[in-house]
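Indexing begins at 1, ligand by ligand and atom by atom, following the structure's order. Computed over heavy atoms, backbone and side chain alike; hydrogens, waters and symmetry mates excluded.
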Amino acid sequence: MDRQLISLSKFLSLVLRHHPETIGIQLDQNGCTNISDLIEATSRHGRQLDHTLLMRVVHENDKQRFAISEDGRRIRANQGHSIEVDLDLTSQAPPQVLYHGTVRRFLTGIQREGLVPGRRQYVHLSPDERTAHLVGKRRGKPIVLRIRAQQMATAGTPFFLSRNGVWLTAHVPPEYIEFPQP
Ligand code: HQG
């Protein structure tokens, strides 16, 4: 993605996951908004956006952060919301182990409370170590935690797989987390 697309992707993440009111739009209960309203409101907000550019942000997005409805009229973020939305995901069995990328300064909190969603709707887990490493790296020297997801699921915790491959769950208690040796 080029710089213009990255900047637009960040802006659309802000609007479609956290603060639609910044540009005066509303999301429906599934987190969707009308594409033409979004384009108009974004342009009114002083950011250049048209349909072609929006489709490039969606299709060239490194993490497939956004999805378009089948009729092509609506858009939403695939995951990452702080606003409560119903992504209509069905729970499914996770692999035996999932991964979470974080940094050392959060470890004490995680050891105490487990992984909590913070301002997001869910805790985000990665299917592979490499992805978790990149997630942790956003904040400093990455630390990758191994999560015994299958055990959690067997004990009754639902897991969801977002449309862009991120595993979501409400909370990971510390007893299911393998911490790296200090
Ligand atoms: C940490 C990006 C202290 C947690 C990424 C994380 C991902 C705790 C931070 C997606 C804690 C929350 C999500 C506890 C969790 N005490 N710290 N008990 N429990 N934490 O950004 O997983 O580019 O909300 O380790 O690539 O980092 O936005 O979650 O460091 O897929 O599409 O609290 O966001 O994708 O941070 O990242 P975040 P995350 P996008």
Side-chain angles (χ1 to χ4, degrees), residues 1-20 22-23 27 30-33 38 42 54-68 75-85 87 89 92 94-95 97-149 152 157-182:
M1 274 203 299
D2 65 27
R3 275 173 55 189
Q4 183 193 20
L5 293 190
I6 292 173
S7 163
L8 266 172
S9 168
K10 288 191 172 166
F11 180 74
L12 293 176
S13 290
L14 173 83
V15 168
L16 296 176
R17 291 172 172 178
H18 310 297
H19 294 294
T22 348
I23 58 168
L27 308 183
N30 303 115
C32 289
T33 193
L38 176 67
T42 304
L54 181 62
M55 290 307 118
R56 285 191 62 203
V57 177
V58 173
H59 297 302
E60 295 175 33
N61 202 270
D62 57 347
K63 286 198 196 163
Q64 295 297 306
R65 289 181 178 86
F66 311 104
I68 304 288
I75 184 169
R76 76 171 174 195
N78 276 323
Q79 38 70 231
H81 299 82
S82 55
I83 308 172
E84 204 161 309
V85 295
L87 292 176
L89 301 171
Q92 54 177 291
V97 173
L98 287 169
Y99 301 88
H100 179 83
T102 189
V103 283
R104 186 160 296 281
R105 66 180 182 277
F106 293 150
L107 287 186
T108 315
I110 297 172
Q111 272 157 345
R112 196 174 50 229
E113 310 162 34
L115 289 170
V116 295
R119 62 187 198 109
R120 301 199 198 242
Q121 230 180 332
Y122 296 101
V123 172
H124 287 54
L125 302 171
S126 309
D128 58 86
E129 258 183 285
R130 193 182 147 270
T131 308
H133 195 265
L134 293 173
V135 172
K137 212 172 159 192
R138 288 151 57 236
R139 299 206 152 78
K141 187 164 177 272
I143 290 186
V144 173
L145 307 177
R146 283 168 58 93
I147 313 300
R148 290 197 287 267
M152 279 179 69
T157 306
F159 280 80
F160 306 93
L161 181 59
S162 78
R163 291 187 175 76
N164 60 342
V166 179
W167 282 91
L168 307 168
T169 195
H171 170 228
V172 181
E175 58 269 29
Y176 294 104
I177 305 174
E178 291 175 17
F179 292 91
Q181 298 301 320

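- At least one N/O-N/O distance between G114 and ligand 1 falls below 3.5 Å.
- Put simply, the side chain of I23 reaches to within 4.5 Å of the side chain of F11, judged on heavy atoms.
- Annotation for ligand 1: atoms under 4.0 Å from non-hydrogen atoms of R65 are 23 (O), 32 (O), 40 (P).
- The ligand atoms of ligand 1 that sit less than 4.0 angstrom from a heavy atom of T102 are 4 (C), 25 (O), 30 (O).
- At most 12 non-hydrogen atoms from other residues, nucleotides or ligands lie less than 6.0 angstrom from CZ of R3.
- For R138, the closest heavy-atom approach to ligand 1 falls below 4.0 Å.
- In this structure, the protein non-hydrogen atom closest to atom 15 (C) of ligand 1 is V116 O, 3.6 Å.
- On a distance-only criterion, G101 and ligand 1 share no N/O pair closer than 3.5 Å.
- When hydrogens are left out, the protein atom nearest atom 8 (C) of ligand 1 is I110 CG1, 3.7 Å; that is the closest non-hydrogen contact.
- No side-chain heavy atom of V166 sits less than 4.5 Å from a side-chain heavy atom of T131.
- Looking only at side-chain heavy atoms (C-beta outward), L161 and L89 stay at 4.5 Å or farther from each other.
- At the shortest separation from atom 6 (C) of ligand 1 among protein heavy atoms lies R139 NH1, 3.9 Å.
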Apply side-chain hydrogen bond (donor to acceptor under 3.5 Å, both in side chains) to N78 and S162, showing your working. CA-CA 6 Å; N78 276 323; S162 78; over 6 Å; no
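- Atom CD of E175 sits in a crowded spot, with more than 12 heavy atoms from other residues, nucleotides or ligands closer than 6.0 Å.
- The nearest non-hydrogen atom to atom 38 (P) of ligand 1, considering only R120, Q121, H171, comes from R120.
- Here the shortest heavy-atom distance to atom 2 (C) of ligand 1, taken over K63, H124, R17, belongs to K63.
- With sequence neighbours excluded, the residues that form a ring pair (Phe, Tyr, Trp, His ring centres under 6.0 Å) with Y122 are F160.
- For the pair Q79 and R163, the minimum side-chain heavy-atom distance is 4.5 Å or more.
- Heavy-atom proximity to L115, at under 4.0 Å, picks out these atoms of ligand 1: 15 (C), 19 (N).
- Among protein heavy atoms, atom 22 (O) of ligand 1 sits closest to H100 CE1, 3.5 Å.
- For ligand 1, the atoms lying closer than 4.0 Å to a non-hydrogen atom of E113 are 18 (N).
- The shortest distance between side-chain heavy atoms of L145 and L107 falls below 4.5 Å.
- Among all non-hydrogen protein atoms, the one lying nearest atom 1 (C) of ligand 1 is F106 CD1, 3.7 Å.
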